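Take a look at the structure set out below.
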Number of protein chains: 4
Amino acid sequence: MAVTTRERVKRAAVKLFADKGFHGTGIRDLAQEAKLSSASLYHYMGTKEELLAEIMRDSLGALLESAKQAVADVTDPRQRLSRLVALHVTTHARQPKETRVVDHEIGVLSPKARRTVVGLRDEYERLWSDAIADGVREGVFDTAEPTITRIALLEMCNGVARWYSPKGTLGLDALAGHYVRLAMRALGVSDGRHAVS
Amino acid sequence: MAVTTRERVKRAAVKLFADKGFHGTGIRDLAQEAKLSSASLYHYMGTKEELLAEIMRDSLGALLESAKQAVADVTDPRQRLSRLVALHVTTHARQPKETRVVDHEIGVLSPKARRTVVGLRDEYERLWSDAIADGVREGVFDTAEPTITRIALLEMCNGVARWYSPKGTLGLDALAGHYVRLAMRALGVSDGRHAVS
Amino acid sequence: MAVTTRERVKRAAVKLFADKGFHGTGIRDLAQEAKLSSASLYHYMGTKEELLAEIMRDSLGALLESAKQAVADVTDPRQRLSRLVALHVTTHARQPKETRVVDHEIGVLSPKARRTVVGLRDEYERLWSDAIADGVREGVFDTAEPTITRIALLEMCNGVARWYSPKGTLGLDALAGHYVRLAMRALGVSDGRHAVS
Amino acid sequence: MAVTTRERVKRAAVKLFADKGFHGTGIRDLAQEAKLSSASLYHYMGTKEELLAEIMRDSLGALLESAKQAVADVTDPRQRLSRLVALHVTTHARQPKETRVVDHEIGVLSPKARRTVVGLRDEYERLWSDAIADGVREGVFDTAEPTITRIALLEMCNGVARWYSPKGTLGLDALAGHYVRLAMRALGVSDGRHAVS
DNA sequence: GATGAATGAGAGTTCATTCAT
DNA sequence: TATGAATGAACTCTCATTCAT
């Protein structure tokens, strides 16, 4: 199935924004990577910043949808958080460039675009907050600072995008399993009491 | 005690590089922040990139020295790692801008400068690796993937620089304590068996 | 009666060239105004500059023809000049955009196209010159500098295209009458001695 | 006396804006004319549009001041208008480029800058309106449409900037005298009753 | 007849850096 | 020590125009 030029432009942008940063990436770099002239780029995008915003919305939006589905109808907070961790980690491992862009370049966006992206991020993080809060209320999680713990776990998982390589010995499942275990332990859950599925 | 102009330039750079990124910060921004003309800046720095490299070396170098001292003569791996976590967290909480620059802008450096900075970082992370490895060998830590665990914990702690505010209710000690507990749990150490000092 | 696409393009050009100037008008502006894609435009025009030249030739050519007819077989120089003034003023009032383009954008044309347009303009102005010269010779006009006077009167009349609105209280006939009177007076003709028809 | 670089930039702009129009003049043209690199231009100006606005304000402002002085303490409306015409004509003859820029490029300005320039122009034209209105009231001027007459006379005089050359046979005084006579006649004043001084 | 795609050239503007004073 | 002046290179983005479909 053919890839549209528009898609090629986006992928080029994701790659370069992730590797060199938004401000470190020039329009000509983008054009070269997408195999287009710099003038032609503008048939497929608005401004460079709009392109960035779109990439972020796409990436975060997709993660949010997957996360919602992953926790729908799951009642056990341990299972809910485990699934969120697993999804987060595998997403960051599979799409490290997209996620790095989302994590690093929010500050570049105009106030308006930023609001949208931050809105998506907040909605996503609320799934984590809810799972943790429910777990604490039900007594299956043990943490004195649920908010900080959530942030700490999120940052811990974000890191995957910066180092994981599919060429290494560790498969995606093993990777996700490891992070789930770390998270559960951090919340005071004994090993073996938090199967994902 | 007077602050040298040179120091003022560095602080300006740290602030702006942290807030807007290296590529997002112009020489004129720097000059304005340091209350100098852009030409005068060059009396106190080499190129913009050299300034960045220096900031990174300073920051990482100081952290490395502190870390070495913190673990010198400490034999218990739990105590060593706890101290490393506490130091890391408090450093990131106290100097969020410096640490953010170190964490985000390594890719900007020229190969030569990068080598130095990466060298420092590796030396620092080795303190963590050693503590974890020792703990595993001695049976006080439980983790199937020591390397990944180290990275995960480091990333978790790095995050502090992105959100901690001294104006909040949480003091530095409590903050550090919380992260130490998360780390110990992640390594399978039961609460209460890892006092820092 | 249907308007050809070609005519629509010209009208769009006249409007935009008059309002924003030739250089201030982009091909895309033109396309939007003519409700065509910018590529389609080129089915109905040569280059942008050729379009401008054509507009000018059309407008000036029509004025020249009307002027020739208006003074044909009229012997009294006062009547001839009066008719020229009236025609000039009503034309500028009715087609302010065309005339503004002609008056403002001559400098944009290539030498070749300019020569043609300037030729038309010269031929037109010669009708004025002749009428004034004849009037002076016959002693019905009084002016020490016929050439300057001609230019002054022409400029005076050109201005109509910049301010006249048909929505105001002044009708076209009254407008023309007023300018005829100004011109006649400037040439030393007493009021009432210069009926147009 | 040396001419400042800033002044050189302005003169270059006046020349090119007058000859090729604002949109027809590139920053690189400007730089070449001012014998500067295009980057250096920006030490002496804000944006290209701000440069235009400044030129217009300077030119119109100077004309307005001169005009105010010219009519101060003059009671006879004929004399006042004669002086205004003479000043206007000599100014347009001496500084044809400045005045052409003012007359042609107002539409290019941003709303804010336009407001200022139009304000100056209105204030200037009011001097004409007042003189004409006073003359009509006192019975020394005869015109059915004072407003239109004013506009017509202004446009007539503006034209001078488009054709007058100091190299021709006509001196400035004779030029001004001729236009004053045309204006007076247009207002129904018999020759010889309107000495300028 | 109509247009999406494409582009080299150029637009205005800012970049990091140097240097004479 | 301090800076105004200067610039080549680069920036993001738009230009008028062509062409395959």
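Reminder, nothing fancy here: chain letters follow the sequence lines and each chain counts from 1. This one's a predicted model, so the numbers in the text were calculated from it and none came from an experiment.
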Decide yes or no for T25(A) and E33(A): does some side-chain heavy atom of the first lie under 4.5 Å from some side-chain heavy atom of the second?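 SC-SC contact between T25(A) and E33(A) ruled out.
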Does the side chain of R8(A) come within less than 4.5 Å of L36(A)'s, by heavy atoms? yes
Quick check on DNA chain F: between H23(C) and G26(A), whose nearest nucleotide comes earlier from the 5' end?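 Final value for this comparison: G26(A).
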Is the side chain of [X] donor-acceptor paired with the backbone N or O of [Y] at a distance under 3.5 Å, no angle test?
X       : Y       : result
T99(C)  : Q95(C)  : yes
K10(D)  : E54(D)  : no
E50(B)  : T47(B)  : yes
E49(B)  : S110(B) : yes
E105(C) : F22(C)  : yes

Starting the side chain at C-beta, find the nucleotide from [options] nearest to [X].
X      : options                  : answer
Y44(B) : dT17(F), dG4(F), dA2(F)  : dA2(F)
K48(D) : dT13(E), dT14(E), dA5(F) : dT13(E)
A39(A) : dT14(E), dT3(F), dC15(F) : dC15(F)
I27(D) : dT13(E), dC13(F), dT7(F) : dT13(E)
T47(A) : dT14(F), dC13(F), dA5(E) : dC13(F)
S40(B) : dT3(F), dT7(F), dA5(E)   : dT3(F)
S38(C) : dT17(F), dC13(F), dA6(F) : dT17(F)

Figure out the [atom1]/[atom2] separation between [X] and [N], and round it to whole Å.
X      : N       : atom1 : atom2 : value
K20(B) : dC15(E) : NZ    : C1'   : 13 Å
M45(B) : dT3(F)  : CE    : C1'   : 15 Å
E7(D)  : dA5(F)  : CD    : P     : 15 Å
R8(A)  : dA5(E)  : CZ    : P     : 12 Å
Y42(A) : dG8(E)  : OH    : C1'   : 16 Å
L30(D) : dG12(E) : CG    : C1'   : 11 Å
D29(B) : dT14(E) : CG    : C1'   : 11 Å
Q32(A) : dT7(E)  : CD    : P     : 13 Å

Wobble G-U and Watson-Crick pairs count when both distances are under 3.5 Å; given that, what is the 5' to 3' dot-bracket string of DNA chain E, with | for pairing to other strands? .||||||||||||||||||||
Considering heavy-atom distances to DNA chain E, does T25(B) or L41(C) have its closest nucleotide positioned more toward the 5' end? L41(C)
Identify, between S37(C) and H43(A), the residue whose nearest nucleotide on DNA chain E lies closer to the 5' end.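 The residue closer to the strand's 5' end, by nearest nucleotide, is S37(C).
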Name each donor-acceptor pair under 3.5 Å that joins a side chain in residues 116-124 of chain C to protein atoms two or more places apart or in another chain, with its distance.
{"from": "E123(C)", "atom 1": "OE2", "to": "K68(C)", "atom 2": "NZ", "distance (Å)": "3.0"}
{"from": "Y124(C)", "atom 1": "OH", "to": "H88(C)", "atom 2": "ND1", "distance (Å)": "2.6"}
{"from": "Y124(C)", "atom 1": "OH", "to": "W128(C)", "atom 2": "NE1", "distance (Å)": "3.2"}

With a 3.5 Å cut-off and just heavy-atom distances, do the side chain of R28(D) and the base of dG10(E) make a donor-acceptor pair? no
